[in-house]
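Only heavy atoms go into these numbers, but all of them, side chains included; no hydrogens, no water, no symmetry mates. Quantities reported herein were computed from a predicted structural model and do not represent experimental measurements.
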Amino acid sequence: QQRAQFLLAQYQVELRRTPPDPSLLDELRRNVNKYQGTLTGYLYARQYAVVLDLAAHKNDAVMLLQQQLLALPPSAQATADDFHLLLGLIAGPDTDPGRQALTELLRNGSDRTKQRIALQLLGPAVARPGGLLDDLIGVTPPHPILEDLLLFRAQVNLMDKRYGLATTDANLLLEKFPGSTLKPAALGVLLGVAWEQRRYHLAADYAMKARAALPPGQMHARLGVIEAEAWFRARDFSSAADA
């Protein structure tokens with residue numbers, strides 16, 4: 001998830017550079033046409049789309065990427081992932097082209113990190129009941145980033161106070177992926193549910209478990225404070241002092 005967040009920031013920085021010289025647009029357009037249908041052509045098309053967006057020709061950039069996607073052969077899956085993500089970033093997830101591109105990437109992409117970026121960009125709406133994640137979590141064979149989908153849906157359900165659904169997803173993640181690096185975050189969801197329901201003994205237990213799953217560091221220390229606060233609110237002052 002952290003890798004996806006850093007890559008997303010990298011993409012966003014690329015799309016916020018200083019507007020280019022007009023001559024660069026002409027040069028890139030010529031190279032896109034010259035190398036059409038080749039790997040070199042795809043690289044030029046990607047750069048051309050970025051430069052068009054920087055030059056305030058967003059619609060042209062969107063149309064270029066849509067045309068390139070239609071012409072891509074099935075074997076160019078990595079390029080398709082890149083174009084779908086770039087289209088989602090340029091058009092924006094709140095537009096039809098952007099949302100469709102990100103949805104396609106999340107459904108059928110081959111790059112797991114880019115799929116995680118698409119999930120972040122699409123936002124909480126896809127995780128609510130009846131949303132996209134309900135479909136993806138239920139597919140057979142399992143979705144390649146199923147544990148991320150479960151955690152995302154659990155976190156949105158917690159945020160929206162659907163505590164039963166949040167608990168189900170977090171427990172399902174822990175059951176299906178006992179060795180997952182997302183285990184502390186899933187335990188964090190269960191901690192959040194227990195805390196919101198004022199079940200402070202249970203909250204302290206989840207804080208201990210989440211802490212045990214993390215190496216020493218800032219979050220490890222914070223969870224120790226949360227555990228102490230949970231014991232204090234449960235009026236178990238001895239355990240609070242120990243924590």
Minimum side-chain heavy-atom gap Leu132-Arg107 below 4.5 Å: yes
Minimum side-chain heavy-atom gap Phe232-Glu227 below 4.5 Å: no
Hey, are [X] and [Y] close enough for a salt bridge, meaning a charged N less than 4.0 Å from a carboxylate O?
X      : Y      : result
Arg99  : Asp94  : no
Arg112 : Asp148 : no
Asp26  : Arg30  : no
Asp169 : Arg153 : yes

Could you grab the distance from atom [atom1] of [X] to atom [atom2] of [Y], nearest 0.5 Å is fine?
X      : Y      : atom1 : atom2 : answer
Arg211 : Arg222 : CZ    : CZ    : 13.5 Å
Arg162 : Thr168 : CZ    : OG1   : 12.5 Å
Leu190 : Tyr206 : CG    : OH    : 4.5 Å
Ile90  : Asp60  : CD1   : CG    : 11.0 Å
Thr167 : Asn157 : OG1   : CG    : 9.5 Å
Leu150 : Leu182 : CG    : CG    : 9.5 Å

Write down the atom of [X], the atom of [Y], and the distance for their closest heavy-atom approach.
X      : Y      : value
Lys176 : Leu146 : CD-CD2, 4.3 Å
Ala154 : Ala166 : O-CB, 3.5 Å
Ala186 : Leu151 : N-CD1, 3.9 Å
Ala234 : His201 : CB-CE1, 3.6 Å
Leu165 : Pro129 : CD1-CG, 4.3 Å

side-chain contact (heavy atoms from CB on, under 4.5 Å) between Leu106 and Leu149: does it pass, once the steps are laid out? CA-CA 10 Å; Leu106 187 56; Leu149 305 182; 4.2 Å; yes
Mind running side-chain hydrogen bond (donor to acceptor under 3.5 Å, both in side chains) on Asn171 and Glu175 for me, showing each step along the way? CA-CA 6 Å; Asn171 281 326; Glu175 176 188 331; over 6 Å; no
For Leu133 and Leu119, run side-chain contact (heavy atoms from CB on, under 4.5 Å): C-alpha distance rounded to whole Å, both residues' side-chain angles, the deciding distance at 0.1 Å, then the answer. CA-CA 9 Å; Leu133 291 202; Leu119 180 60; 4.0 Å; yes
Answer with yes or no whether the hydrophobic clustering places [X] together with [Y]; edges join I, L, V, M, F, W, Y residues whose side-chain heavy atoms lie under 4.5 Å apart.
X      : Y      : value
Leu187 : Met219 : yes
Ile117 : Phe152 : yes
Tyr48  : Leu86  : no
Val50  : Val62  : yes
Leu54  : Met63  : no

Any luck finding a side-chain donor-acceptor pair between Gln115 and Asp111 under 3.5 Å? no
Would you please test Glu104 and Asn108 for side-chain hydrogen bond (donor to acceptor under 3.5 Å, both in side chains) and show each step? CA-CA 6 Å; Glu104 176 62 23; Asn108 299 311; 2.9 Å; yes
Can you check whether Trp231 and Tyr200 have ring centres sitting under 6.0 Å from each other? no
Check the pair Asp81, Leu85 against side-chain contact (heavy atoms from CB on, under 4.5 Å), reporting the backbone distance first and the verdict last. CA-CA 6 Å; Asp81 287 352; Leu85 179 56; over 6 Å; no
side-chain contact (heavy atoms from CB on, under 4.5 Å) for Leu191 and Asp205? Distances and angles first, verdict last. CA-CA 8 Å; Leu191 164 59; Asp205 182 59; over 6 Å; no
Knowing that exactly one of Val126, Leu105, Leu102 qualifies, which makes a side chain to side chain contact (heavy atoms under 4.5 Å, CB included) with Leu121? Leu102
